[in-house]
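Down below is the structure, laid out as structure tokens.
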Amino acid sequence: MQGVSASRRAESARTMSLPSDTLPSDSLVVRSLRAVWHPCTQMKHHEETPLLPIARGAGAWLYDADGRRYLDGISSWWVNLFGHANPAINAALVDQLATLEHAMLAGCTHEPAVALAERLSARTGGALGHAFFASDGASAVEIALKMSFHFWRNAGRAGKREFVCVRHGYHGETLGALGVTDVALFRDAYGPLLRQAHCVASPDARQAMPGETAADVAARALSDVAALFEQRGASIAAIIVEPLVQCAAGMAMHDPAYLNGLRTLCDRHDVHLIADEIAVGFGRTGSFFAHEQAGIRPDFLCLSKGISGGYLPLSVVLSRGAIHDAFHDDDVARGFLHSHSYTGNPLACRAALATLDLFDEHDVLAANRVRFDALATALDSLAERSDVAHPRRCGGILAFDAVVDDARAAGSFARRYARHALALGALLRPIGRTVYLMPPYVLDEEEIAMLASATIAALDRTLAEQIER
Ligand SMILES: *Cc1c(COP(=O)(O)O)cnc(C)c1O
């Protein structure tokens, strides 16, 4: 058997073109390309763009196998909050490891899950609770959609079974979550498998016409929602939205008035408001939760990514008491029977508790205001450039769009920019022509200056590059 798999491996290594002329065949990168199917990646692109072999992390930095370091300007896909290998979170996890690694959450319970549920609910002023745990953001979205549908069924309104999403919105890659996602690149190949959702106009402030404010754009987008609800409200279960920043759309930002308007329309037409704060929760937008800036509460709140400080997969759906009550019955089938094996994993919950401790012990939001004001100031010069459009910021999320007229150059902008940024010591991954920074909450003055200058230098180098035709 061993002989067979060895010869298969030799064969697949031959048919795949690996950068083996530059790297020894036992290097981590070559082994990875052979053994691992990397996410969100056209694997063939790694023939040109090498993988980055990460050996360790410390603070805002990731270190490669040769000891070179890269500033993690995007918090490792928006998950890290307080730096890599954070001593406080590490200590909490070591303690938890010696106590309880996992126990099932059906029929059993444990302190980390209960304490986390209590503290997250308290963070909503008690308006939301009944924490339903899962592991990934997409699972939290699935849970919120199923709960909303099932709530209306239990309430005798089974006709409410349609969902509404926002143009260019992103809610994850599983089939249900992809059904309410409007990013063509992720969605198109799977179109025939997806349940259709209504898609309403985006409130993206970049759409402002001359003389219009972001609030005007929000009002226009709301009139689209109002028209849909007038027509089909009786069939609609819920609308799902990313409050303040549609991150995967390319950091598309909107006025908080959009969320106020949605709350009013949802109340008027008995439609659930699902806030997907998987990316924008835990301080990213400047407030602890993004929806707070509109002074509203959603009916469902989906959280993940930063929840565990970027340590372990964990997600949660919080909901209003009235929603939980509609499932509370002698009849098993009226209950919410959804589950995942690792639901409420104690290690992940403990990492989340340690993360909340850091928010409680330090005025993180105030410190971040100073930190990200400084980063924005260091990027001030971008606003004057004709090759930069829409410089924008929401709390600790900073973005701008590169102006690239040539279609070929535009198509490869993100990959080329990422390569230049790495050479300058910064891990950045533009979305299309949108360059963004979403760093962890630990940057000091020197790191801020370094990140800003790498951001600008990488832009200069990418735009100056000649594209072969
Ligand atoms: C990342 C993300 C998700 C999906 O989370 P995963 O953990 O990657 O499944 C859902 N919604 C939003 C807004 C996200 O940014």
Side-chain angles (χ1 to χ4, degrees), residues 39-40 74-81 116-117 120 123-124 128 131-148 163 165-166 168-183 186-187 238-254 259 272-293 297-319 338 340 342-345 348-349 351-352 355-356 359 394-397 431 436 438 440-441:
C40 200
I74 54 173
S75 297
S76 282
W77 254 355
W78 320 344
V79 300
N80 191 285
L81 297 189
L116 180 57
L120 289 174
R123 283 277 178 178
T124 71
L128 304 172
F132 197 99
F133 289 107
S135 306
D136 298 292
S139 311
V141 169
E142 303 277 345
I143 288 162
L145 297 175
K146 282 177 70 178
M147 263 186 189
S148 172
F163 297 113
C165 61
V166 178
H168 306 314
Y170 178 88
H171 301 286
E173 315 266 352
T174 55
L175 292 177
L178 205 51
V180 290
T181 286
D182 182 46
V183 179
F186 301 144
R187 195 188 147 104
I239 182 168
I240 183 162
V241 62
E242 296 160 84
L244 299 188
V245 189
Q246 293 180 284
C247 294
M251 304 301 153
M253 301 180 183
H254 59 254
L259 303 172
H272 288 143
L273 179 57
I274 303 174
D276 177 350
E277 297 218 12
I278 289 164
V280 295
F282 298 92
R284 286 288 181 202
T285 66
S287 48
F288 191 80
F289 293 127
H291 68 260
E292 292 168 18
Q293 294 186 41
R297 295 289 179 197
D299 300 298
F300 295 90
L301 179 60
C302 301
L303 302 170
S304 187
K305 293 203 168 113
I307 191 172
S308 66
Y311 267 66
L312 286 158
L314 178 67
S315 65
V316 66
V317 179
L318 303 181
S319 56
H338 187 103
H340 296 285
Y342 280 98
T343 292
N345 174 258
C349 290
T355 299
L356 289 178
F359 276 102
C394 185
I397 306 173
I431 300 169
Y436 73 90
M438 201 194 283
Y441 306 163

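Just so we're clear, the structure is a prediction, and the values are computed from it rather than from any experiment.
Of the possible polar contacts, none joining the Ser76 side chain to the Asn80 backbone as a donor-acceptor pair under 3.5 Å is found. Looking at Ser315, its side chain does come within 3.5 Å of a backbone N or O of Asp136 through a donor-acceptor pair. Between the side chain of Asp299 and the backbone N or O of Leu273, at least one donor-acceptor pair lies under 3.5 Å. No donor-acceptor pair closer than 3.5 Å links the side chain of Glu242 to the backbone N or O of Val280. Looking at Thr355, its side chain does come within 3.5 Å of a backbone N or O of Ala351 through a donor-acceptor pair. Checking side-chain atoms of Arg297 against main-chain N and O of Leu128 turns up no donor-acceptor pair under 3.5 Å.
Residues Ser308 and Ala348 come closest through the heavy atom pair CB-O, 4.1 Å. The minimum heavy-atom distance between Ala238 and Ile274, with the atom names listed, is CB-CD1, 3.7 Å. Contact detail for Arg284 and Ala279: the closest heavy-atom pair is CG-O, 3.4 Å. The nearest pair of heavy atoms linking Glu173 to Ala138 is N-CB, 4.1 Å. Closest of all the heavy-atom pairs between Phe289 and Gly281 is CD2-CA, 4.4 Å. Contact between Phe300 and Ser319 at its shortest, heavy atoms only, is CD2-CB, 3.8 Å.
Expressed to the nearest 0.5 Å, how far SG of Cys40 lies from CH2 of Trp77 amounts to 4.5 Å. Taking CD1 from Ile239 and SG from Cys165, the interatomic distance works out to 8.5 Å, rounded to the nearest 0.5 Å. Separation of atoms CZ (Phe132) and OG (Ser139) is listed at 10.5 Å; rounding is to 0.5 Å. Here the CD-CG distance, from Glu292 to Leu244, works out to 10.0 Å after rounding to the nearest 0.5 Å. In this structure, Tyr436 OH and Ile397 CD1 are separated by 9.5 Å, a value rounded to the nearest 0.5 Å. In this structure, Leu120 CG and Leu301 CG are separated by 8.5 Å, a value rounded to the nearest 0.5 Å.
For Phe133, there are no ring-ring contact (aromatic ring centres under 6.0 Å, His included) partners at least two apart in sequence or on another chain. Not counting sequence neighbours, the partners of Glu142 by the side chain to side chain donor-acceptor pair (under 3.5 Å) test are Thr174. With sequence neighbours left out, the side chain to side chain donor-acceptor pair (under 3.5 Å) criterion links His340 to His338.
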Self-check item: side chain to side chain contact (heavy atoms under 4.5 Å, CB included) evaluation trace for Ser75 with Tyr441
Solution: CA-CA 9 Å; Ser75 297; Tyr441 306 163; over 6 Å; no

Practice problem: Please report the C-alpha distance between His254 and Leu259 in whole Å, then the side-chain angles of each, then the deciding distance to 0.1 Å, and finally whether the side chain to side chain contact (heavy atoms under 4.5 Å, CB included) criterion is met. | Solution: CA-CA 9 Å; His254 59 254; Leu259 303 172; 4.2 Å; yes

Practice problem: Quick one: do Cys302 and His171 satisfy side chain to side chain contact (heavy atoms under 4.5 Å, CB included)? Show the steps, please. | Solution: CA-CA 10 Å; Cys302 301; His171 301 286; over 6 Å; no

Exercise. Begin from the C-alpha positions of Val316 and Ile143 and carry the test side chain to side chain contact (heavy atoms under 4.5 Å, CB included) through to its verdict.
Key: CA-CA 9 Å; Val316 66; Ile143 288 162; over 6 Å; no

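The aromatic rings of Phe359 and Phe282 are tilted relative to each other, their planes meeting at an angle between 30° and 60°.
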